[in-house]
Amino acid sequence: MTVPTTIAVDTTPIHADGAASDLDPLWRSIVTESRARSNDIHLPISFAFAERLCDAYPEADALVVRVAILLHDTGWARVDENRILDEGFSGDWRKADVRFEHERHGCEIAREVLPGLGYDDAFIERVTRIIDGHDTRPESYSIEDSLVRDADRLWRFTPTGIALASGWFKLTPAEYTARLRAEIVPELLTEAAVAMALADLERSEALLKTELLS
Ligand SMILES: [Fe+2]
Ligand SMILES: [Fe+2]
């Protein structure tokens with residue numbers, strides 16, 4: 001199923017060309033934080049979706065979106081690893097304390113790494129406003145916030161995201177893709193993200209044979 005969209009959306013499999021980019025120094029500054037909770041997989045894939053969403057919504061400040069998605073989950077590195085899985089992915093996981101803690105620590109890390117790379121206070125404030133509450137604040141307050149929120153969800157629709165997140169939630173791939181369709185697609189905020197999610201979900205379900213293995 002493909003959804004008709006009123007804007008130009010690239011829904012081909014997500015990729016990056018490996019060329020040097022303006023944010024390479026920022027990536028290098030968070031290598032330690034990338035080792036927590038598979039951030040070294042989650043952050044680059046979500047980042048690629050964020051760049052694609054910025055192409056679809058040129059009115060958004062792309063640098064704010066790209067820096068915010070790059071840093072948004074670095075705070076997991078300062079939360080106890082056992083608590084992440086015990087509290088962050090079961091029960092009422094959306095309201096778990098660790099969710100608030102990782103947002104707060106993510107803002108700290110942004111304030112630690114960004115000034116030395118030449119970002120000014122006003123820019124850092126815009127980035128931390130998005131990081132603070134990205135998982136726990138019910139409302140998005142700007143187009144940049146919405147694109148970060150959607151990119152943070154879109155990686156889950158790839159086979160890689162399904163592989164990691166189904167394990168975190170202790171679900172089979174078929175159960176997890178059903179949850180994506182029922183719960184996560186309706187949470188997406190932009191038309192472009194819905195088109196990307198459904199294109200990836202269709203590819204992933206076929207690849208993983210979820211109909212046969214359910
Ligand atoms: Fe998060
Ligand atoms: Fe995330």
Side-chain angles (χ1 to χ4, degrees), residues 14 16 23 26-27 30-54 64-114 126-142 144-169 171 176 179-180 183-185 187-190 193 196-197 200-201:
I14 204 76
L23 296 188
L26 185 55
W27 283 110
I30 57 132
V31 171
T32 302
E33 288 79 8
S34 79
R35 301 300 173 223
R37 210 207 63 152
S38 298
N39 267 343
D40 41 16
I41 303 290
H42 169 48
L43 296 179
I45 296 177
S46 299
F47 180 84
F49 278 112
E51 293 204 309
R52 192 173 277 187
L53 287 170
C54 287
V64 169
V65 173
R66 292 165 71 236
V67 169
I69 193 76
L70 194 163
L71 293 172
H72 80 282
D73 270 346
T74 51
W76 284 122
R78 297 185 183 178
V79 178
D80 178 68
E81 192 92 31
N82 294 323
R83 289 184 58 218
I84 295 176
L85 287 175
D86 287 352
E87 300 172 30
F89 293 95
S90 58
D92 197 357
W93 57 272
R94 286 173 199 268
K95 297 200 177 83
D97 285 348
V98 290
R99 297 251 157 212
F100 291 92
E101 287 173 35
H102 93 287
E103 293 173 345
R104 204 169 58 243
H105 289 310
C107 293
E108 283 165 19
I109 291 163
R111 292 189 194 101
E112 288 166 16
V113 300
L114 291 173
R126 293 178 69 198
V127 167
T128 54
R129 273 196 76 198
I130 294 174
I131 295 174
D132 189 17
H134 72 265
D135 269 354
T136 58
R137 181 164 30 85
E139 305 291 327
S140 159
Y141 67 84
S142 68
E144 290 81 11
D145 193 7
S146 295
L147 298 190
V148 169
R149 283 162 180 258
D150 280 354
D152 191 16
R153 287 171 170 75
L154 279 170
W155 85 291
R156 297 189 191 177
F157 293 79
T158 67
T160 309
I162 292 165
L164 284 172
S166 65
W168 293 337
F169 287 101
L171 297 172
Y176 189 66
R179 179 192 267 193
L180 289 177
E183 295 179 22
I184 306 301
V185 170
E187 288 183 358
L188 295 170
L189 300 169
T190 63
M196 292 178 205
D200 264 312
L201 189 54

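Values in this document were obtained by computation on a predicted structure and should not be read as measured data. Counting convention: from 1, in listed order, for ligands and their atoms alike. For the numbers below, each heavy atom of this structure counts, side chains included, while hydrogens, waters and symmetry mates do not.
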Test side chain to side chain contact (heavy atoms under 4.5 Å, CB included) applied to Thr128 and Asp132, step by step: CA-CA 6 Å; Thr128 54; Asp132 189 17; 5.6 Å; no

Stepwise side-chain hydrogen bond (donor to acceptor under 3.5 Å, both in side chains) test for His134 and Asp145: CA-CA 8 Å; His134 72 265; Asp145 193 7; over 6 Å; no

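A distance of 9.5 Å separates NE2 of His102 from SG of Cys107, quoted to the nearest 0.5 Å. A distance of 8.0 Å separates CD1 in Ile109 from CG in Leu71, rounded to the nearest 0.5 Å.
Nearest heavy atom pair, residue Asn39 against residue Pro44, reads O-CD, 3.4 Å.
If you check the side chains of Ser46 and His42, you find a donor sitting under 3.5 Å from an acceptor.
Legend: protein N/O/S atoms lying under 2.8 Å from the Fe ion (ligand 2), waters omitted, number 4.
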